[in-house]
Structures are given as structure tokens and as C-alpha cells.
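Reminder, nothing fancy here: chain letters follow the sequence lines and each chain counts from 1.
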Amino acid sequence: MSRPPSVEEGVITCPEFDLRMTLESGQTFHWTPETTGEGTAYTGCIGKTPFRLRQEGNLLHFRGGAATMLHHYFALDHDLELIRSSCLGHRVSHDSALACRGLRIMRQPHWECLATFILSPMKQVAHIRQMSLALRSSFGTHLPGTPIPSFPEPASLAAATEADLRSCGLGFRAKSLHATAGLIAEGKFDPESLVSMSTPEARKALCALPGIGRKVANCILLFAYERLEAVPVDVWIARILGSFRSGKATPEQLESYGEKLLGPYAGYIQQYLFHQARTGKLLIPKKPDRKKSVKPPSPVRKKAREHVLA
DNA sequence: GACCAGGTGCCAG
DNA sequence: CTGGCACATGGT
């Protein structure tokens, strides 16, 4: 009896790579750690190919698909030293870049990345992970060799009902995901068509989809389409960039400010700042100030939309 | 139990 | 153009 076909096992060298930091930095959401006698191993899949990964120094041990697939997925060809040096002029950014050595911006499958970032608005990383895994379990393909199913195809999600998606904990995001999956399944939008477009064109195409605004579009461009200059402005990045300047600014103003301040690899540098802030290693001023200000005497604060119960 | 999360879309002024 | 608000859910 021959062994199961096409399951490779091996090792590749991965200088300047930190598997854990890369997988847990909020760009991908389904890789699952497990503690083994030899350290932490991550189980997941790239597209429909299951993988099990474990890093040991500059070696990446793997079981599953081909080594070339890993190399491409984790962008081991990116010149991190060059990327770090691109923000030498800005102290805080460069310090963050040094602290995040080995964190790489990945090349994720287009649809999978697009769909999971439709789930991201007003959700913490841990919650996006939950929703992603729930969708995989309910609508994905169960692959041999890993407990993590592949991400469901657009047609699978389009065939489901919006209520089915809601039961995966998506909340109001179910509508956007269902609609976008339908557009793709019907051939009205092709994620692959973005590859040959300029970044502004691709951004515009993404923003035309339901539930995708500038921030989510930039995440997709950065994490799936290798547009390393794209700067997603979320609450964290807004605070950070806001602390570098004075006065108020719209998210779009902060985005172009960030593009200029952080240079040609602004998206990469943004990820370093994001990671440092989110893990409490980058001190940022408290929020501008929530609504703790003077409460107007007017008793009517919210729209009276209470349902009369009983 | 309030507060917040890798926001977006819509509507009023 | 800008400000305000609804939209769902779960962890701290």
C-alpha cells in the first residue's frame, strides 16, 4: 500500500520569519495553535491544501502541501531589511519595525481574505476568528489531515440563507457577505480581475461591494493583493497616526497622512505599529475623549425607539 | 452592566 | 461636506 498521495513533509529555511507573530497579527484568522512536545504547531490550510506548521529557529517544518506554496503564502521573498529601512526617518515606526522582526505581510487567497474582512467591522480579532471558523465548519470542505475545513466557496455561501450565516454569529455582516458571495457566484464580480488593476482602481472596485468601505478595502488590498502601500485606518491606526499630528482629521486624511509619513511600504509599517499598539507595547494617548463631556440638560438623548413590551 | 471592537451606510442639517 | 446614529455580538 502506498502512502497517501501528495502529502509532503519537509523543512524550509525561513530567515527573518516569525510564524506566531505573523499568524496572530490580525491579517489571517483561522490558524489554530496546539502545544506539542516540540513546541507550538499551527494547523490550518492554504486554500484547499491542509498544512501543519512548526517553526524551529530559522527552520519551518511542515506537513501537507508543497514548500513553494508556503514560500509564496508567507512572502518569504519580501526584503524585510529594505522595508524596515524605508521608515528610518521616523523613530516610533522604525522602533516598531525592529520590535516586529519576522512579521510578514502574507499573500492570502483573494476570496477568503475578502470575505473574512467583510466580517471585521466592529469586531475584535478573536471574534473574527470565531466567525471565520464557524463559517468553515458549516459551509467549508472538510479536508483530511486537519480539523480546520477550507473556507467556503462563494457559491456555497450564496446558496445558504442569510439566517444560516447569522447563526454563525455574523450579526449584521451576514447581509453583506451573502450579497457579495451572490455577486461573485453569478459572475458579476471577479476577485481575480483586481490583479491587473492599479491600486486606486482596485480599491474603487472593492468599495462598490456591499459592506466594504475604504478601511476594509485597504485590508484586502494589503493582505491578499500585495499592495504594500495600502494603509487601513481602523480605530488603532487612527489613534496612532492622530497622536503624530495635531488637530482633528477624517479617516481619509489620516490615510494619506500615513501613506506619506510611512513611505512606499506604508502598509507594512502600519502593521508593525498596529501590532505593537494592540499588544500594549506602544503607548498611545487615551482616546480623544468619549462622551464624558458635559451632558446637555436636554433629556432627549437617543431616538425614542423603545418597543413597548407588555 | 457599561464599554469596546482592524466600520459602513444612510440621513439630516 | 460633516456629524450623528443604527446595525449584532461577545469578551473584559
| field | Counterpart base for B/dG7, defined by Watson-Crick or G-U wobble contacts under 3.5 Å | value | C/dC7
| If you look at every strand shown and take non-hydrogen atoms under 4.0 Å, does A/Gln270 touch a base, only sugar-phosphate, or nothing? | base
| remark: What one should report as the nearest heavy-atom pair of A/Met131 and A/Gly169 is SD-O, 3.6 Å
| task | Compare side-chain N and O positions of A/Gln130 against OP1 and OP2 of C/dG11 and report whether any pair is under 4.0 Å apart. | result | yes
| field | Face-to-face contact A/Phe117 to B/dG6 six-ring, under 5.5 Å, under 30° | value | no
| query | Tell me: CG of A/Leu119 to C1' of B/dT8, nearest whole Å? | reply | 14 Å
| query | At under 4.0 Å between heavy atoms, what does A/Phe223 touch on the DNA or RNA strands: base, sugar-phosphate, or nothing? | reply | base
| task | Kindly say whether the aromatic ring centers of A/Phe151 and A/His30 come within a distance under 6.0 Å. | result | no
| message | I'd like to know if the side chain of A/Glu226 pairs up with that of A/His78 as donor and acceptor (distance under 3.5 Å, no hydrogens or angles considered). | response | yes
| In whole Å, what is the span from the CD atom of A/Glu24 to the C1' atom of B/dG6? | 16 Å
| task | Please report, rounded to the nearest Å, how far the C1' atom of C/dC7 is from the CE atom of A/Met131. | result | 14 Å
| request: Please list, by residue number, the residues of residues 159-178 of chain A whose heavy atoms come closer than 4.0 Å to an atom of DNA chain C; answer none if no residue qualifies. | output: A/Arg166, A/Gly169, A/Gly171, A/Phe172, A/Arg173
| query | Separation of A/Met122 atom CE from C/dG11 atom C1', in whole Å? | reply | 14 Å
| request: Using a 4.0 Å heavy-atom cut-off across all strands, classify A/Thr116 as base, sugar-phosphate, or nothing. | output: nothing
| With sequence neighbours excluded, residues passing salt bridge (Lys or Arg N to Asp or Glu O under 4.0 Å) with A/Lys188 | A/Glu186
| message | Roughly how many Å apart are B/dA2 and C/dA6, using the P atom of each and rounding to a whole number? | response | 16 Å
| Can a side chain N or O of A/Arg239 be found less than 4.0 Å away from OP1 or OP2 on B/dA5? | yes
| What pairs with A/Thr199 under side chain to side chain donor-acceptor pair (under 3.5 Å), at least two apart in sequence or on another chain? | A/Arg227, A/Glu229
| task | Select from A/Ala126 and A/Pro210 the residue whose nearest nucleotide in DNA chain B is closer to the 5' end of that strand. | result | A/Ala126
| field | Atom pair SG/CZ of A/Cys168 and A/Phe139 - distance to nearest 0.5 Å | value | 5.0 Å
| query | What is the nucleic acid contact for A/Ile237, judged by heavy atoms within less than 4.0 Å: base, sugar-phosphate only, or nothing? | reply | base
| query | Going by atom types alone, do A/Thr146 and A/Arg63 pair a side-chain donor with an acceptor below 3.5 Å? | reply | no
| note | Per nearest nucleotide of DNA chain C, the residue lying toward the 5' end, A/Pro121 or A/His127, is A/Pro121
| said: Between B/dG6 and C/dC5, how many Å separate the two P atoms, rounded to a whole number? | reply: 23 Å
| request: Please state the P separation for the pair B/dC11 and C/dA8 - nearest whole angstrom. | output: 16 Å
| 5'-most by nearest nucleotide on DNA chain B - A/Gly211 or A/Gly26 | A/Gly26
| note | From CD of A/Gln124 across to P of C/dG10 the rounded distance in Å is 13 Å
| task | Provide, to the nearest angstrom, the distance between the NZ atom belonging to A/Lys123 and the C1' atom belonging to B/dT8. | result | 15 Å
| request: Specify the separation, in whole Å, of atom CG of A/Leu209 and atom C1' of B/dG9. | output: 14 Å
| message | Assess whether a salt bridge exists between A/Glu16 and A/Arg84, defined as any Lys/Arg side-chain N lying under 4.0 Å from an Asp/Glu carboxylate O. | response | yes
| note | From CZ of A/Arg214 across to P of B/dG6 the rounded distance in Å is 21 Å
